[in-house]
Structures are given as C-alpha cells and as structure tokens.
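Quick note: residue numbers are just sequence positions, from 1. Everything quoted here is computed from the prediction, not taken from an experiment.
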Amino acid sequence: QVQLVESGGGLVQAGDSLRLSCAASGRTVSGYVTGWFRRAPGKEREFVAAISWSGVVTDYADSVKGRFTISRDRPKNTVYLQMNTLTPEDTAVYSCAARPIYLVHATTREFDIWGQGTQVTVSS
C-alpha cells in the first residue's frame, strides 16, 4: 500500500504563489496516477488536478486551469502542485490522492488512496 504525505501549505496573500508537495512511500510507488483535491469550509471536496504516471498527461479543473500546474518527479516519488495567482476562493484543505492504473499515460478523477491534507489559506 502507498502512503501519501502532503506539505507546503500555509497562509499567503491574494496574488501570491505556493507549491504543494505530495511524497509517496510504501510497498510500491510505480504505476500510480496522482491527483490533488481540495475542500473549502462548508463545501464538497473538489477535484483540482491529476497527472499520469508518465507525467506527460495532465488534467485540470476549469477553476484552476492556467493558474495551477501539476508535475511529477519520479526519482523522488513526489508530485507537486504549483499554484499561482492565488485568490481567497482557493482557500481550502488540499489533499493528494493516488490510484494504481498501469497505463503510463492514463489519468483519472477517481482515487482510492488519500493523504491527510495540508491547509492553504489565502487572505485578501
């Protein structure tokens, strides 16, 4: 089983940037699609972005497209979420997720392994 640990959250001002990290460890970390989700206070969990195992194919929610970038460093077993031009509406707990899909260029928005999450707060 893979374990996921997020880091990089914090308090920033509107317009700032932040980079989140999702480090994977465990029995095997190969062949996984990795994604980011967020849950704002009082709202449902929302898909943010996903990246294929190859790192070539990415998928973004419309609300973050053009501002957020997901990337993968396979030797480090880490996936990043670079968030630029943050707004107060981006305030949420951000969680990474993984799902074993042994197709190198596949992505998905359905996951079954979750990290604990990291808080991102954007002040106006």
Side-chain angles (χ1 to χ4, degrees):
Q1 182 75 324
V2 171
Q3 291 83 45
L4 304 173
V5 177
E6 302 94 335
S7 62
L11 172 63
V12 296
Q13 293 187 330
D16 285 351
S17 298
L18 206 57
R19 189 178 79 160
L20 305 182
S21 300
C22 173
S25 63
R27 184 177 179 184
T28 175
V29 294
S30 64
Y32 282 81
V33 176
T34 307
W36 285 96
F37 287 73
R38 65 186 182 186
R39 188 192 296 269
K43 293 188 177 180
E44 303 256 327
R45 184 169 61 197
E46 173 190 22
F47 169 78
V48 175
I51 188 166
S52 63
W53 170 243
S54 67
V56 172
V57 181
T58 56
D59 180 22
Y60 294 95
D62 288 343
S63 58
V64 306
K65 203 171 291 184
R67 299 189 299 125
F68 291 11
T69 302
I70 190 171
S71 61
R72 179 189 294 280
D73 186 333
R74 282 199 292 182
K76 294 184 178 180
N77 293 322
T78 300
V79 169
Y80 302 99
L81 184 68
Q82 177 67 43
M83 306 185 294
N84 297 329
T85 321
L86 286 162
T87 73
E89 288 67 39
D90 295 315
T91 294
V93 174
Y94 284 72
S95 299
C96 68
R99 179 178 175 184
I101 297 180
Y102 299 100
L103 297 171
V104 293
H105 299 309
T107 63
T108 183
R109 293 191 178 192
E110 297 181 358
F111 295 84
D112 44 27
I113 302 168
W114 295 87
Q116 293 297 310
T118 184
Q119 176 70 46
V120 172
T121 303
V122 185
S123 63
S124 58

Show every salt bridge (charged side-chain N to carboxylate O under 4.0 Å, His left out) that has at least one partner inside residues 87-98, sequence neighbours left out.
R38-D90, R67-D90
For the atom pair [atom1] ([X]) and [atom2] ([Y]), what is the distance rounded to the nearest 0.5 Å?
X: T118; Y: L81; atom1: OG1; atom2: CG; value: 11.0 Å
X: D73; Y: S21; atom1: CG; atom2: OG; value: 10.0 Å
X: E44; Y: R39; atom1: CD; atom2: CZ; value: 7.0 Å
X: H105; Y: S52; atom1: NE2; atom2: OG; value: 7.0 Å
X: L4; Y: S25; atom1: CG; atom2: OG; value: 8.0 Å

Is there a path of hydrophobic side-chain contacts, each under 4.5 Å between heavy atoms of I/L/V/M/F/W/Y residues, joining [Y] to [X]?
X: V93; Y: I70; result: no
X: V122; Y: L11; result: no
X: I101; Y: W114; result: yes

If we ignore angles and hydrogens, is there a donor and acceptor under 3.5 Å between the side chains of S17 and N84?
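There is such a pair between these side chains.
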Whether the T78 and R72 side chains hold a donor-acceptor pair (N or O, under 3.5 Å, no angle test) is what I'd like checked.
no
Indicate yes or no for a side-chain donor-acceptor contact from E6 to the backbone of G117 under 3.5 Å, with no hydrogens or angles considered.
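At least one qualifying donor-acceptor pair exists.
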Quick one: list whatever passes side chain to side chain contact (heavy atoms under 4.5 Å, CB included) with Q13, sequence neighbours left out.
D16, S123
If we check side-chain contact (heavy atoms from CB on, under 4.5 Å) with L20, which of these qualifies: F68, W36, Y80?
W36
Which atom of [X] lies closest to which atom of [Y], heavy atoms considered:
X: S124; Y: A14; result: CA-CB, 4.3 Å
X: T34; Y: C22; result: CG2-SG, 4.4 Å
X: A49; Y: Y60; result: CB-CD2, 3.7 Å

Taking the six-membered ring for Trp, are F111 and F37 closer than 6.0 Å centroid to centroid?
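Here the rings of F37 and F111 have centres that are less than 6.0 Å from each other.
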Considering residues, nucleotides and ligands other than Q119, do more than 12 of their heavy atoms fall under 6.0 Å from its CD?
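Yes, enclosed.
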Residue E110 excluded, over 12 heavy atoms near CD under 6.0 Å
no
Is the shortest heavy-atom distance from the side chain of [X] to the side chain of [Y] under 4.5 Å?
X: V79; Y: I51; value: yes
X: L86; Y: L18; value: yes
X: W53; Y: L103; value: no

